[in-house]
There are 2 protein chains.
Amino acid sequence: MKELLLTPESFRLDGRLWLQGPTDRFMGIGRLELLGHIAETGSISKAAQAMSMSYKKAWDLVNSMNAQVNTPLVSTQTGGSHGGGAVLTPAGRQVLEAFSAAQERFQEFIRQETERLLG
Amino acid sequence: MKELLLTPESFRLDGRLWLQGPTDRFMGIGRLELLGHIAETGSISKAAQAMSMSYKKAWDLVNSMNAQVNTPLVSTQTGGSHGGGAVLTPAGRQVLEAFSAAQERFQEFIRQETERLLG
DNA sequence: AAGCGTTATATTCTGTTGAACATAACGCTT
DNA sequence: AAGCGTTATGTTCAACAGAATATAACGCTT
């Protein structure tokens, strides 16, 4: 009977993937989810609530992303019938889709490596 | 002429891979490099110097790794002709090798994804 | 016995990060 | 004009992480 040093009950392979931009982090799993919630809800504040994140934090993230590209990812509007809102621009949808796909392939990579290391 | 939103001059795909243990992080790129330097130098303090890391930090990391497995990865000795020292156990060499390989495959994954996203 | 380089461990300081709170502006609705 | 939900922005406080400093113990060498 062979003793394994690393068992899947006690150890878990994990990882993160991100895009580093000119000044700050540009895209990561948190920012990606935030973009998804903004697309769904049409609002930064509702997206923040959905992630149990403060509005300020969410706004800072949106601001950081928009500041690092020529074409902003999120377009915002203050005032109006519903108080304002936020939508993804075409550039925003493009980034969301591309990074989502990369993220899924990364999860698949982690599954494979988990099999190798702990399986 | 097609304008790219994300150019490889301004954006860089990066990532991290780690093994989460029962209590703490168990293995990551930093701990891996530390194990490598310990294997080379036979000393925690020399390994720490090589990484511009305080001895205490290095010792804490070694202690954290050893505490999370039945068979320690690093065997230490105090006192003696050279003051003491540290060597990798067979388990330590095994973990070093296995995680190094995973790390290399991860770097290759990042290269591929960089090509897709920014290439 | 003194000196050495190392492991082993605690404490203190400090910088960074995130949370919490507070306020203003905006444009529609009533 | 007052109220609303939202975007936009600053400040303050708490928690955590890392760096710096300090000290002891150990076992060989001289």
Side-chain angles (χ1 to χ4, degrees), chain A residues 14 16 18 20-21 23-68 72-89 92, chain B residues 14 16 18 20-21 23-68 72-89 92:
Chain A
D14 204 351
R16 285 294 166 90
W18 68 86
Q20 190 67 25
T23 61
D24 280 319
R25 179 163 300 195
F26 173 69
M27 187 54 53
I29 181 66
R31 289 163 190 244
L32 185 69
E33 287 180 9
L34 182 60
L35 288 186
H37 284 293
I38 291 173
E40 283 175 15
T41 62
S43 149
I44 294 178
S45 72
K46 287 199 180 70
Q49 282 174 26
M51 297 179 70
S52 301
M53 176 186 288
S54 73
Y55 170 79
K56 175 167 177 28
K57 177 73 184 284
W59 186 88
D60 284 345
L61 290 174
V62 168
N63 186 244
S64 162
M65 291 187 271
N66 279 346
Q68 294 182 73
L73 308 188
V74 176
S75 169
T76 61
Q77 187 192 351
T78 72
S81 59
H82 301 83
V87 295
L88 294 200
T89 65
Chain B
D14 204 350
R16 286 293 167 91
W18 68 86
Q20 190 67 26
T23 61
D24 280 320
R25 179 164 299 195
F26 174 68
M27 187 53 53
I29 181 66
R31 290 163 190 245
L32 185 70
E33 286 179 9
L34 181 60
L35 288 185
H37 283 292
I38 290 173
E40 283 175 15
T41 62
S43 149
I44 295 178
S45 71
K46 287 200 180 68
Q49 282 175 26
M51 297 180 69
S52 301
M53 175 186 288
S54 72
Y55 169 78
K56 174 167 176 32
K57 178 72 184 284
W59 186 88
D60 283 346
L61 291 174
V62 168
N63 186 243
S64 162
M65 290 186 271
N66 279 346
Q68 294 182 76
L73 307 188
V74 177
S75 168
T76 62
Q77 187 192 352
T78 72
S81 60
H82 300 83
V87 296
L88 294 200
T89 65

task: Assess the side chains of B/Ser43 and B/Ser45: does a donor N or O sit below 3.5 Å from an acceptor N or O?
output: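 B/Ser43 vs B/Ser45: donor-acceptor pair found between side chains.
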
- prompt: Is there a donor-acceptor contact under 3.5 Å linking the side chains of B/Gln68 and B/Ser64?
  reply: yes

query: Can you tell me how far C1' of C/dA8 sits from CE of B/Met65, to the nearest Å?
result: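 Distance, rounded to whole Å: 16 Å.
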
task: Measure from CG on A/Asp24 to P on C/dG18 and round the result to the nearest Å.
output: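 So the two atoms are 11 Å apart, to the nearest Å.
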
- request: Enumerate the residues from residues 76-84 of chain A whose closest heavy atom to DNA chain C is under 4.0 Å, giving them by residue number; use none for an empty result.
  value: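 Under 4.0 Å from DNA chain C: A/Thr78, A/Gly79, A/Gly80, A/Ser81.
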
side-chain contact (heavy atoms from CB on, under 4.5 Å) between A/Ile38 and A/Val87, intermediate numbers included: CA-CA 6 Å; A/Ile38 291 173; A/Val87 295; over 6 Å; no

- prompt: Would you say the side chain of A/Val74 lies within less than 4.5 Å of the side chain of A/Leu35, judging by non-hydrogen atoms?
  reply: yes

- prompt: Under a 4.5 Å cut-off applied to non-hydrogen side-chain atoms, are B/Leu73 and B/Val62 in contact?
  reply: no

- request: Heavy atoms only: give me the nearest A/Thr41-A/Ala47 pair and the separation to one decimal.
  value: OG1-N, 3.8 Å

field: Dot-bracket line, read 5' to 3' along DNA chain D, where crossing pairs take [ ] and | marks a partner on another strand, Watson-Crick or G-U under 3.5 Å
entry: ||||||||||||||||||||||||||||||

task: Kindly compute the distance separating CD1 (A/Ile44) from NZ (A/Lys56), expressed to the nearest 0.5 Å.
output: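 Result: 12.0 Å between the selected atoms.
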
field: Nucleic acid contacts - residues 52-64 of chain A versus DNA chain D, non-hydrogen atoms under 4.0 Å
entry: A/Tyr55, A/Lys56, A/Trp59

